[in-house]
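Worth saying up front: this structure is predicted, and the values here are computed from it rather than measured. Residues take their numbers from the sequence shown, with the count starting at 1. We use all heavy atoms of the structure for the numbers below, so side chains are in, but hydrogens, waters and symmetry mates are not.
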Amino acid sequence: MKQKEVPAYLLPYLHGQVILLDKPLGWTSFDVVRKVRNLTRIKKVGHAGTLDPLATGLLIVCTGKFTKEINRYMGMEKEYTGTFTIGAITPTYDLESEPIQLRPFQHVTPADIDRAVQQLTGPIMQVPPQHSAIKKDGQPVYLAARKGKEVQLEPRPVNIYSFEITAIELPVLHFKVVCSTGTYIRSLANDLGQLLGTGGYLSSLRRTRIGEFKAENAFSPEQFQQQIANLAASSEGQSNSQL
């Protein structure tokens, strides 16, 4: 399908731009892409690394020729902050499903947590969540999981470069993680809960960095929309001044 003609002020996006966006809570990564596509009137738009709807933070969105760089951005290390909650598990390893199998957690000490964290730092083998978009036999495994079917997933090598518990407010553990691409923070939460003997799940997540790109430099969708509106107004003003 041919790209429709776009106004001159949007041509930089047609040719190619890297846009840093701060994904809001509840939005899918594709919601952000659709927003950029609608605002820029550019069809060739993609993102470099999915964030779940319950996560917030940095999403790199590429337009035009920069969509060819998406795989490179996806391969960069990621930094996350958020919270794990111990004393229960959830089928999805996060709050997309209800906590079950409640267990005591009051006995857990900072030393216990530190030992568990050390075991999950460095090169590790990680099993992805059953509720994930990983494909097996050509189908995303979450489709089987939603039907109550368990799919056998093989552990995959990932690298946890840094894993820090920044505050302890039992049953909530605040964390900061720097990791390789392909890491599931939900699985990290589940694995930590298993090591502590209490169960655990991801209760909040924010992606703060991808490579050298930081969330603090990202636009909210509203800010990006305003930027496009400003470009349109400036272009209209220039056109009027030439009449």
Side-chain angles (χ1 to χ4, degrees), residues 1-82 132-135 140 159 161-162 176-185 204-243:
M1 189 178 293
K2 190 176 180 181
Q3 171 76 52
K4 292 182 181 179
E5 187 173 345
V6 300
Y9 67 89
L10 292 176
L11 286 179
Y13 296 98
L14 178 62
H15 296 151
Q17 293 284 298
V18 175
I19 308 163
L20 306 185
L21 287 165
D22 192 337
K23 189 189 83 64
L25 186 69
W27 286 44
T28 67
S29 297
F30 184 71
D31 287 336
V32 177
V33 168
R34 183 166 50 227
K35 182 78 169 177
V36 171
R37 190 173 284 152
N38 290 339
L39 288 172
T40 63
R41 309 183 203 179
I42 307 300
K43 293 176 183 174
K44 201 170 183 180
V45 180
H47 68 76
T50 301
L51 275 177
D52 291 334
L54 291 181
T56 65
L58 180 59
L59 193 70
I60 296 178
V61 177
C62 299
T63 72
K65 66 182 180 183
F66 280 100
T67 55
K68 296 177 181 178
E69 300 294 315
I70 281 177
N71 286 340
R72 182 170 70 87
Y73 296 134
M74 287 180 67
M76 293 177 174
E77 70 175 28
K78 315 293 193 301
E79 179 184 274
Y80 297 92
T81 61
S132 65
I134 289 175
K135 290 186 177 181
N159 205 328
Y161 303 118
S162 172
K176 180 178 178 180
V177 168
V178 179
C179 58
S180 65
T181 187
T183 302
Y184 280 90
I185 307 298
S204 68
L205 182 66
R206 179 168 177 76
R207 184 157 65 195
T208 50
R209 182 171 62 82
I210 300 174
E212 71 272 22
F213 302 102
K214 297 181 179 180
E216 62 196 55
N217 299 322
F219 292 108
S220 68
E222 293 78 15
Q223 289 171 329
F224 183 66
Q225 182 169 344
Q226 186 59 54
Q227 183 187 53
I228 297 297
N230 292 344
L231 288 172
S234 176
S235 177
E236 184 177 349
Q238 290 175 3
S239 296
N240 291 337
S241 68
Q242 294 171 2
L243 295 177

Taking all heavy atoms of [X] and all of [Y], pick out the closest pair and write down the distance.
X: C179; Y: V177; answer: CB-CG1, 4.0 Å
X: K176; Y: T81; answer: CG-CG2, 4.1 Å
X: P7; Y: R41; answer: CG-NH1, 3.4 Å

For residues 215-229, the salt bridge (charged side-chain N to carboxylate O under 4.0 Å, His left out) pairs (sequence neighbours left out) are none

Counting only pairs under 3.5 Å, give me each side-chain donor-acceptor contact of residues 208-215, with atom names and distances, residues two or more places apart or in other chains.
residue: T208; atom: OG1; partner: E79; partner atom: O; Å: 3.2
residue: T208; atom: OG1; partner: E79; partner atom: OE2; Å: 2.7
residue: R209; atom: NH1; partner: E77; partner atom: OE2; Å: 3.0
residue: R209; atom: NH1; partner: G211; partner atom: O; Å: 2.7
residue: R209; atom: NH2; partner: E77; partner atom: OE2; Å: 2.9

Quick one: pull up [atom1] in [X] and [atom2] in [Y] and give me the separation to the nearest 0.5 Å.
X: L51; Y: L25; atom1: CG; atom2: CG; answer: 11.0 Å
X: Q226; Y: N230; atom1: CD; atom2: CG; answer: 4.5 Å
X: I19; Y: F219; atom1: CD1; atom2: CZ; answer: 8.5 Å
X: R34; Y: L39; atom1: CZ; atom2: CG; answer: 12.0 Å
X: Y9; Y: S234; atom1: OH; atom2: OG; answer: 11.0 Å

With side chains defined as the heavy atoms from C-beta onward, is the minimum distance between [X] and [Y] less than 4.5 Å?
X: L21; Y: W27; result: no
X: Q225; Y: K35; result: yes
X: F224; Y: T40; result: yes
X: S180; Y: K78; result: no
X: P24; Y: P221; result: yes
X: T50; Y: F30; result: no

Hey, which of I42, V45, V32 is the one that makes side chain to side chain contact (heavy atoms under 4.5 Å, CB included) with R37?
-> V45

Taking only distance into account, with no hydrogens and no angle test, what donor-acceptor pairs under 3.5 Å do side-chain atoms of residues 53-66 form with protein atoms, sequence neighbours excluded?
residue: T56; atom: OG1; partner: R206; partner atom: NH1; Å: 3.2
residue: T63; atom: OG1; partner: Y13; partner atom: O; Å: 2.6
residue: T63; atom: OG1; partner: Q17; partner atom: N; Å: 3.0

Any donor-acceptor N/O pair, T67 side chain to G46 backbone, under 3.5 Å = no

